[in-house]
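The structure under discussion appears below in the form of structure tokens.
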Protein chains: 4
Amino acid sequence: MKRIAVLTSGGDAPGMNAAVRAVAKVAMAKGIEVFGVKRGYLGMLHDEIFRMDGSYVSGIIDRGGTVLLTARCLEFKDPKFRAIAAENLKKRGIEGIVVIGGDGSYRGADLLSKEHGIKVVGLPGTIDNDIVGTDYTIGFDTCLNTILDAMSKLRDTATSHERTILMEVMGRHAGDLALHACLAGGGDGVLIPEAENPLEMLVYQIKERRRQGKLHDIVLVAEGVGKVQDVEDYMREKVSTEVRSVVLGHVQRGGTPSGFDRVLATKMGARAVELLEQGEGGVMVGIENNQLVTHPISFAWEGTRKYDIKKDYELAVMLSK
Amino acid sequence: MKRIAVLTSGGDAPGMNAAVRAVAKVAMAKGIEVFGVKRGYLGMLHDEIFRMDGSYVSGIIDRGGTVLLTARCLEFKDPKFRAIAAENLKKRGIEGIVVIGGDGSYRGADLLSKEHGIKVVGLPGTIDNDIVGTDYTIGFDTCLNTILDAMSKLRDTATSHERTILMEVMGRHAGDLALHACLAGGGDGVLIPEAENPLEMLVYQIKERRRQGKLHDIVLVAEGVGKVQDVEDYMREKVSTEVRSVVLGHVQRGGTPSGFDRVLATKMGARAVELLEQGEGGVMVGIENNQLVTHPISFAWEGTRKYDIKKDYELAVMLSK
Amino acid sequence: MKRIAVLTSGGDAPGMNAAVRAVAKVAMAKGIEVFGVKRGYLGMLHDEIFRMDGSYVSGIIDRGGTVLLTARCLEFKDPKFRAIAAENLKKRGIEGIVVIGGDGSYRGADLLSKEHGIKVVGLPGTIDNDIVGTDYTIGFDTCLNTILDAMSKLRDTATSHERTILMEVMGRHAGDLALHACLAGGGDGVLIPEAENPLEMLVYQIKERRRQGKLHDIVLVAEGVGKVQDVEDYMREKVSTEVRSVVLGHVQRGGTPSGFDRVLATKMGARAVELLEQGEGGVMVGIENNQLVTHPISFAWEGTRKYDIKKDYELAVMLSK
Amino acid sequence: MKRIAVLTSGGDAPGMNAAVRAVAKVAMAKGIEVFGVKRGYLGMLHDEIFRMDGSYVSGIIDRGGTVLLTARCLEFKDPKFRAIAAENLKKRGIEGIVVIGGDGSYRGADLLSKEHGIKVVGLPGTIDNDIVGTDYTIGFDTCLNTILDAMSKLRDTATSHERTILMEVMGRHAGDLALHACLAGGGDGVLIPEAENPLEMLVYQIKERRRQGKLHDIVLVAEGVGKVQDVEDYMREKVSTEVRSVVLGHVQRGGTPSGFDRVLATKMGARAVELLEQGEGGVMVGIENNQLVTHPISFAWEGTRKYDIKKDYELAVMLSK
């Protein structure tokens, strides 16, 4: 394979740039020409495709966001537009692409592969850690540290004012961020979509803390369990302390990627190029058991996650006492 | 004066602990006994007053929040309860107190001084920088850096997704935080209560940016201009980019204090003890013209701020182009 | 088992406190009494053993260093003194201990187990990542991020002054820190003890960068390859740019532990208690293939590391071009 | 004045980019053409002068170092070469320049002004805070925070291992960094060139700490007092604890500038353009008494600093007890 392209798609995640850089540098080292596609599939459709050189990826390894930009592209659900996009690749001789993003992005890649013979390799780039076929996604570790930093600040004020602070973090479908933040931040409670009746457990935990004379709490709330305002209203009736809520929001998406995410993104980017070089496609790269692995790209929606989140939830509950 | 006490009151601010530490250590070095009052005036009323020693303030200089805790105390508006509180000080031989907090806290101190002859020294502790008689309050610098860190993360995602992000920061009565963050963070617009028609200016600025081909913006919104959701609704109709808003909230109150705040708090704490040692009272300490100054404590509500915020607002507008 | 103790030994590492906390809290949740031993084996010998309660481990999860302190104890090589130490445990009814530290600490634990029937569980706590039987040690991830932060600062000045900066990082026996920092920080060269002739490769790399017009470099130097001053002298003769070196030193040992290290330490601490509860001993806990595993404690010096560092070194060299 | 240029000179300092950006953006807003000079006077001599546009300064406000690069230029001491440099400005119609750097840089500017009629404005850019005519230099506040961050990490390990750690920080001629770090970081001793017999005081302080049962210390050592190794050797004989030293080095020069430095740099940059616009020159801008001021540029070597460092040293000594 002589020409490949790389794009980022879906919500941005810290470490995407490190992956783009690795794809570009490893491709160049192997004598493969590498192109960048701007704004994900939207740019592929609108022919925003350009030749990348070393200077383009210089100094980006430690920057959050994605220099390739990202956007939604509803047209890509229509085969007619996918044909145009594929043609934009082919007219440049691009035979393979690396798609960095979430499972939504993988679906587009899968169709491009099946309908137009483009070799695709998907890399899991999302802060939510909710992709099947990998223990960690690019961006999760950085986001966890961002949440912990905010949590530490909230702890200061919760303690000083003796309040219960509910902290909503990202994770529409997966409680990984909330749960890991609770474990790592010494949280006093956590609400995740995967747990049964976490609200009842939370009320129990906080009452137990009051019994021990503790008058402040930090509670992690995964986006997926519902509106934090509803939780606040519910808690206000159950506990005597003042309750406040904070929605961390988009702050969680950005920031300098952590070492873990940069190493992960770098190795995955390198592997993606190796796979395309060998003519492989239709696969996603994951890290499982601390080793890079590949799965058919459809595994992202056909497989199931290995992570036993309930066991970690129980540990979190035990430690919050 | 042989015995003094220290308390924190109102919203917590990073650097309060550094001030408490300085009060305690300088008092001890001068042979003055020092007491801590828990939960501000509430603890003074409920007799939560204890003898402080060196170990109590060890290791707190770099911690956010306040180890003395803080609380509201509505009873303190009633002279009957102030008399009880004063008696709790007097029965221990405490003749002077250092009150670290905002101007609301100063009013209580002023009454305590006038009604019961307690010598009081106020130190400006609040992130908002809205106290008359000082160029900087303890906590403002740290909070500015916290906002800039979040702003940098939001910039990553605003750029990657080509969005307009509105970032609400604290400042109910003063736009200092929003404006300084705009200047220091390279903000693309700022809404502060002190400016006239900032919304119109903002729309103009963003349209100008579109004309230059810039498709992302970070806008600082001071709490005091109203609900960020209303601003979001307004902007959505005026600009073509997607608009998102983030309310940073209580995260702004906590965190390890910056060097600036710790030095300021330390010097102010030391000065407060010197003043009480000399028998002075009824004063607040400020930093003006880079020097520690004192004002009558009532200056906090009778005086006016020197800061010419409009000039800095004009600079911010000029630079955002 | 009704009573256990926990100690930290060897060089301190961020995350040790999170492990101590997990041991204490999980033990309490299971109705096991838990003791702390101060200053590692030295305190065991000098009977510095105390009953821990919840308040002792409150608020320590995010603090670097070790609240239990650590020290060298040469006497512990003498069986006579080990007998005294074991007696200090037994007289309190302590049947099992958790030792958090490096492989040197494991040896003492192993002897205590064999000679005196104390059940021991070792947890890998060291920034160097040089312990056999685990993919990651507690402290490594935090240290990597500390190095990356310093590296980013050095990059600013190396670029501005167009210099070659050699950055010596820890790792007497293992190049993990240097190599991961090079991969994650976009380093321009790396010297690790495991590579053959890395100096020659480095000179080649830098000359190649000059050919491309790049006039600044950051080079990671693992402590284990020798004195950075010697490397500096060598390089000064080979490259035309000014060469400077920085020895990051003890700064690498401290700091708030990262989320990764806190989660790892927490899970390992919980597992250690479970093992003792089940009457197991003479084992070390590791994380391999993203799962907690146990090995006989002697595996730490009898086994060999799985990590294929040469492959990652080659990737680092490829990316630095 | 229709055309101006900006350059950075001497050691790089965080905030220089914010100043460059402000100069460029304010000049453009005023309809003045602005040029960048690369590598300070060296680039002026070698004609590395280019027209700056908005995109050049976009996204640099939060980056350490200087995008304009910096270098030494010994030739600039020779009037012949200064004439060539001046000619390079004049042939482009550049009538005024902004020089961001230390007092060494101001001397070159002064000669350029006197010999060739170039209007010059100097801005104080150095981490050392050692420039006469300003209370703060651009970069000092950031550097202080960098030192405090490292100090906090060293505190973890000093406490855990019960050691005395000597931390050498920058400041060849001024103890500002060491002293402020001691005040803000809760240092247990400080050696600055301005104090008399600080070593004796230090030994006294540490012995006093031992008497109180404190077995760990962090001591700040300003570069200007001599080699930290000599201090280490001296202390080793005087105190019983293990002594270690750390030379923070070039790490102190880089990093994202703090809010304070960015606001300061931004305001100074704006003022420099206003001055040139009004035809003023031969001046340096400072901040004194919290207000921007101007002095004749020679004030930097003819004036004396206002800062009463001995008073702050006494406070530091009092607090370290």
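A, B, ... follow the sequence lines: proteins, then strands. Residue 1 opens every chain. Everything numeric here is computed off the predicted structure, so don't read it as measured data.
- Ring geometry for D/F260 versus B/Y136: interplanar angle of 30 to 60°, hence tilted.
- When B/R155, B/Q205, B/H216 are each tested for a side chain to side chain donor-acceptor pair (under 3.5 Å) with B/D188, only one passes: B/R155.
- Both the backbone and the side chain of D/L319 come within contact range of chain B, judged by heavy atoms closer than 4.5 Å.
- In this structure, chain D has heavy atoms under 4.5 Å from both the backbone and the side chain of B/S258.
- Under 3.5 Å, the side chains of D/N129 and D/D176 contain a donor-acceptor pair of N or O atoms.
- The residue among D/S152, D/G59, D/G185, D/S58 with the most heavy atom pairs within less than 4.5 Å of chain B is D/G185.
- Between the side chains of D/Q252 and D/T146, not a single donor N or O lies within less than 3.5 Å of an accepting N or O.
- Remark: D/M170 CE to D/R253 CZ distance equals 5.0 Å, nearest 0.5 Å.
- Highest contact tally toward chain D, considering only B/D62, B/D135, B/D261, B/T256, is held by B/D135 [criterion: heavy-atom pairs under 4.5 Å].
- D/A18 does not touch chain B: none of its heavy atoms, backbone or side chain, sits under 4.5 Å away.
- Note: D/F140 and D/H180 have perpendicular aromatic rings, judged against thresholds of 30 and 60 degrees for the angle between ring planes.
- When each of B/N145, B/V26, B/I61 is scored by its heavy-atom pairs under 4.5 Å with chain D, the top score falls to B/I61.
- B/K311 touches chain D through its side chain: at least one heavy atom from C-beta onward sits under 4.5 Å away, while N, CA, C and O do not.
- A side-chain N or O of B/T241 and one of B/T164 form a donor-acceptor pair less than 3.5 Å apart.
- Using a 4.5 Å cut-off between heavy atoms, D/D149 makes no contact with chain B at all.
- Between chain D and the options B/Q291, B/K267, B/K214, B/E288, the largest number of non-hydrogen pairs under 4.5 Å is found for B/K267.
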